[in-house]
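Here is how names work: the chains are called A, B, and so on, in the same order as the sequence lines, proteins then strands, and each is numbered from 1.
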Amino acid sequence: MEYNPSDIEKKWRQWWQDNHTYQVSNDSSKPKFYILDMFPYPSGAGLHVGHPLGYIASDILARYKRLRGFNVLHPMGYDSFGLPAEQYAIQTGIHPAVSTEQNLDRYREQLDNIGFSFDWSREVRTSDASYYKWTQWIFQQLFQHYYDKEVDKALPIADLVARFAKEGNNRVKAVCDEDTPEFSAEQWNALSEKEQQMLLLKYRLTFPEESYVNWCPAMGTVLSNDEVKDGVWERGGYPVERKLMKQWSMRITAYADRLLEGLDEIDWSDSIKEQQRNWIGRSQGASVRFGIDGHADKNIEVFTTRVDTIFGATFMVLAPEHELVDLLTTDAQRQEVEGYVKWAASRSDIERMSETKKVSGAFTGAFAINPLNEARIPIYIADYVLAGYGTGAVMAVPSGDQRDWSFATHFKLPIIPILDAQQNIAEAADPTKEGHYINSGLINGMRYEQATLSLTRWLEERRLGKGKIQYKLRNAVFSRQRYWGEPVPVYWKDETPYLVAEKDLPVELPVVDKYLPTETGEPPLGRAENWRYTPPGESASYEYELSTMPGWAGSSWYFYRYMDPHNEHAFCSKESMHYWKSVDVYCGGSEHAVGHLLYSRFWNHFLFDIGLAVEKEYAKKLINQGMIQGRSNFVFRAKEQFFEEYLWIKVLQPFFATEGPLKVAEANHTEGYTYDFAFETNDLVIEVTSWKQYDKIERVRQTAESDGKRLLVLFNEELGGCINSLEQTVGKIKAALNSREGFFITDEPPVCEQLFVSYDLTGKYSPECFTKLHVDVNVVDGDVLDLNRALALPMFDKASFKLPPDGKFSCSWEVEKMSKSKYNVVNPDDMVSQYGADCFRMYEMFLGPIEVGKPWDTKGITGVSSFLRRFWGMFFNASGQLDLSNEAPTKDELRALHTCIKKVTEDIERYSMNTCVSHFMILGNELKGQKLQKRVVLEPAVIMMAPFAPHTAEELWHQLGNAGSVCDAAWPELNEAYLKTDTINYPVQINGKLRGNVEVAAGTSNADVEAMVMVQDFVHKNLDGQTVKKFIVVPGRIVNIVV
RNA sequence: GCCCGGGUGGUGGAAUGGUAGACACGAGGGACUUAAAAUCCCUUGGCCAUAACGGCCGUGCAGGUUCGAGUCCUGUUCCGGGCACCA
């Protein structure tokens, strides 16, 4: 029977659907297993072959776990709010919901094509009101809670209000804004409703605050750092400035320590954990207040992790945005400082951090007073200090910090050594903590630990500073000035935010006329007409919050919705939550390391605190799939210069070198007017040009006439048209040479307008001869352009091709991101229709380990394809009948099968899918050559193949006479006894170099092995009389003789 | 710049500190065929050598630890990812 993947796959996909094979119940006696793929954003470009990599791996794992007897939850859904749909809406006016819906359909179709075991009845979409109702609900819970440091968890804000009324806030230990004032119960109770609400915002886990953003006034919107280059919007070129803006924020800093500790209990890659640790950036140090000369009422607070270096502080640097800059700047310095502030405002954080070699800054004219030694040190502003980090001010210690050192050197500021162990500080900073302090007042002679302790105590006693733990982590900005996101369920009354009543959720996205900001610079929701909220029991209506939530809102809790996707009364029922608990294996890209993966952990800790999640960490195990990159192909289009070089190198030079006696001058080498080519012994000149340049041709003709030269015009197009037949051009020149006529030009219109040169031929010409162009990889096979298919593309309209002798037009290639604009996108649908979904799935796995990124290259897929055919062929005889033997297997067959069982089982468990495919191939290679295969060997193989090639396995499973789905078969049991061999082959090394092999019976003692090895000829030969110092036998492994 | 990850044949890759290159692709040779495709068989890291046996080198680069290093340590270089409003 012919292996016909498209028929088989269609048939079984339908059967699975009809039989609800992948529907998962929350009610099962089996142990649960929850395997989740990261939420995809359904982009308009559809899936490319890189996307399914993780889904295939997780699908294999899900199917495997099911075969091992688990009740497996393996859902899929969409993070369907997002910027691209909104951009598209701005351009076209099409509502993002409409274009998103289309994209989703396309995604679904493509996913279905690959045969995933997703339970689609549980699909969720963040942009569905029934979903974002619960995103809004969770937001409200955050608003209604604060973080209590005493019990180390979130508590209701109502508790806090009760405490304030009873005892004020000075005994409350809660995470709050830095500028929260102390107040007593009397003071609290005397406050107005509005004043109380304002104070509570300083405690709430989500709250509006001012934060810096990249504001683009021309577009009335905020941009991400990566959209800003050199102070302008990368695409539109409009100027961008850093601006303080009122935005909703999430008090993630409250959870900094718990997010850090939680990392120890989850099995995620070290790299991701390290990135998260870094992002949180916990550092222990001290905050120190510096006085300001002439401003007795003000001071500058700095945070330092090296308070021990304080005597080496020779200047202070503020971020250009620092609130005191304006006040401190002296009139003499004002112009310079303001200019610098303006310039710095145009730079993104990334630019500011990365260009550390270029020192820039400005002196404010003011001086700070070092509290330790009363030293008067100048205050600068510089953009290497970021406003959002710490206090936006640093004490600069040039002898110990390289950036400070560079700054000091540039501005000729003093560099004072502070430790006797510092070396070469004239050359560079030395951040050592070794040695004894010098030039350091009260800590002179001390070592690091003691100095730090003494200084911290000294500062605390005088209330000038204190030991402090600082986090790099900032509260997460939660507002977006966009349309296509969840509305924030808040209304504003008397400039105070209040929650929309729970019964009025969801706050649905209103209709707007355009997806742009309003004329007054408000977010798009400001365009909605009559969009106001009337709270229950009130008659007045109020304005809704106009910003929307960011992409990470909906994706921070979606894993719970899959457990109970249609619940209208809760985001997830208690029963479902207690059955599924958390994600067992989470699969997705490492690019989400700190965005999604940190924020979702934060929300989960919060949900855990308020009793809605049952595990502190929602994902126990994380697998990072690598990015599949594109492999772009390029073709080379000839420019005018090519034709001149071609004529010289290929036509004139070789021809006249042999044919003489005429000599030809190389292009542009003639005297006077620069004809392209002129002959020394003939009055003919040659002009190479495009036939479109009538003016030029006419000019050259007139010049030639007055010079008494005869002119041959060769069009680029004409040369291109006969590029592969040299003789034609040679003949034309020959004829012109021998003729008496004065002007030669073809009067046939050219059929060819552009010439492409095969990549292997381009080396002979200068690089300026060509324009390198992306060519669609789908018309290229093995870097050889398929000319028939290529000619159908618009880019090859009226093109001809310069071919090498073998007639294969070659392209160059590069690895780039897979993207439409680079014409290197490979659609999984094409792979599936050509090779079948099973082959595609196996090939994606076969490419290499899932974690490693690599360029997509189709050329190896034939190996997998022929393996599947061979495997299929083992079941059937020549006339297509199932034909298997029922005989008992041989020892060799059993060993091959059980080796495969062992390897595949181990490798799936460690997510090494590529080697699994190899093991199937090895089993296939071992069994092939036999006329008749044995059922007892092949049936377990079918089950093992089922996770990888589900359609093929399902067909074979039924062919073998089984009625149910192969998905519900039992994974084959390994019997170690079949793996044992009678003899062991010991490689023998002498001083670590392999010299031969010795075969001994299994179970031979080390002493006997030694005896057997020492009588071998090759051992004697290589020992060459040297004495054996040591004889090492690693049982079952290797022998090493040390001489 | 900072943080993280990675460099193994022509290519994708394999290898609990124990025979480097499994399994494939590609390439070369052969069988079948009128021919092509498909299929099957053999060879295939480099260099040297041969009638044959064989020898030397080799996991980005430079050191180190070890009986033994692709694997562990130190330094270095190149490439990829992240850096807070792309998702």
Tell me which donor-acceptor pairs under 3.5 Å the side chains of residues 546-556 of chain A have, and how far apart each pair is, sequence neighbours excluded?
from	atom 1	to	atom 2	distance (Å)
A:Ser547	OG	A:Ser479	OG	3.0
A:Ser547	OG	A:Glu545	OE2	2.5
A:Thr548	OG1	A:Arg480	O	3.4
A:Thr548	OG1	A:Arg482	O	2.9
A:Ser555	OG	A:Trp552	O	3.4
A:Ser556	OG	A:Trp552	O	2.5

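- Closest approach of A:Leu598 to A:Ile280, counting heavy atoms only: CD1-CD1, 4.3 Å.
- Residues satisfying the ring pair (Phe, Tyr, Trp, His ring centres under 6.0 Å) criterion with A:His48, sequence neighbours excluded, are A:His51.
- Counting only heavy atoms from C-beta outward, the side chains of A:Ser865 and A:Tyr843 never approach each other to under 4.5 Å.
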Filtered N/O pairs between nucleotides 20-22 of chain B and protein, under 3.5 Å:
from	atom 1	to	atom 2	distance (Å)
B:A22	N1	A:Ser918	OG	3.4

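- Partners of A:Tyr55 by ring pair (Phe, Tyr, Trp, His ring centres under 6.0 Å), not counting sequence neighbours: none found.
- With sequence neighbours excluded, no residue forms a salt bridge (charged side-chain N to carboxylate O under 4.0 Å, His left out) with A:Arg995.
- Residue A:Asp907 contributes atom CG, which lies 17 Å from atom P of B:G13 at whole-angstrom precision.
- Along RNA chain B, the nucleotide nearest to A:Arg910 and the one nearest to A:Arg480 differ in position, and the one closer to the 5' end is contacted by A:Arg910.
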Enumerate all atom pairs, one protein N or O and one N or O from nucleotides 69-74 of chain B, separated by less than 3.5 Å.
none

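- A:Leu83 places none of its side-chain heavy atoms less than 4.5 Å from the side chain of A:Trp484.
- Consecutive pairing runs in RNA chain B reach the stem threshold at B:1-7 with B:77-83, B:10-12 with B:23-25, B:26-31 with B:39-44, B:45-48 with B:54-57, B:60-64 with B:72-76, where a stem means at least three Watson-Crick or G-U wobble pairs with distances under 3.5 Å.
- A:Asp907 pairs by the salt bridge (charged side-chain N to carboxylate O under 4.0 Å, His left out) definition with A:Arg910, not counting sequence neighbours.
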Would A:Tyr558 and A:Ser600 satisfy side chain to side chain contact (heavy atoms under 4.5 Å, CB included), going step by step from the backbone distance to the final call?
CA-CA 9 Å; A:Tyr558 75 109; A:Ser600 54; over 6 Å; no

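- Under the salt bridge (charged side-chain N to carboxylate O under 4.0 Å, His left out) criterion, A:Arg1037 pairs with no residue, sequence neighbours left out.
- In this view, A:Arg277 and A:Asp264, A:Glu274 satisfy the salt bridge (charged side-chain N to carboxylate O under 4.0 Å, His left out) rule, not counting sequence neighbours.
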Protein-nucleotides 38-40 of chain B N/O pairs under 3.5 Å:
from	atom 1	to	atom 2	distance (Å)
B:C40	OP1	A:Arg870	NH1	3.4

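- Taking A:Arg282 as the reference, A:Asp257 meet the side chain to side chain donor-acceptor pair (under 3.5 Å) condition, with sequence neighbours excluded.
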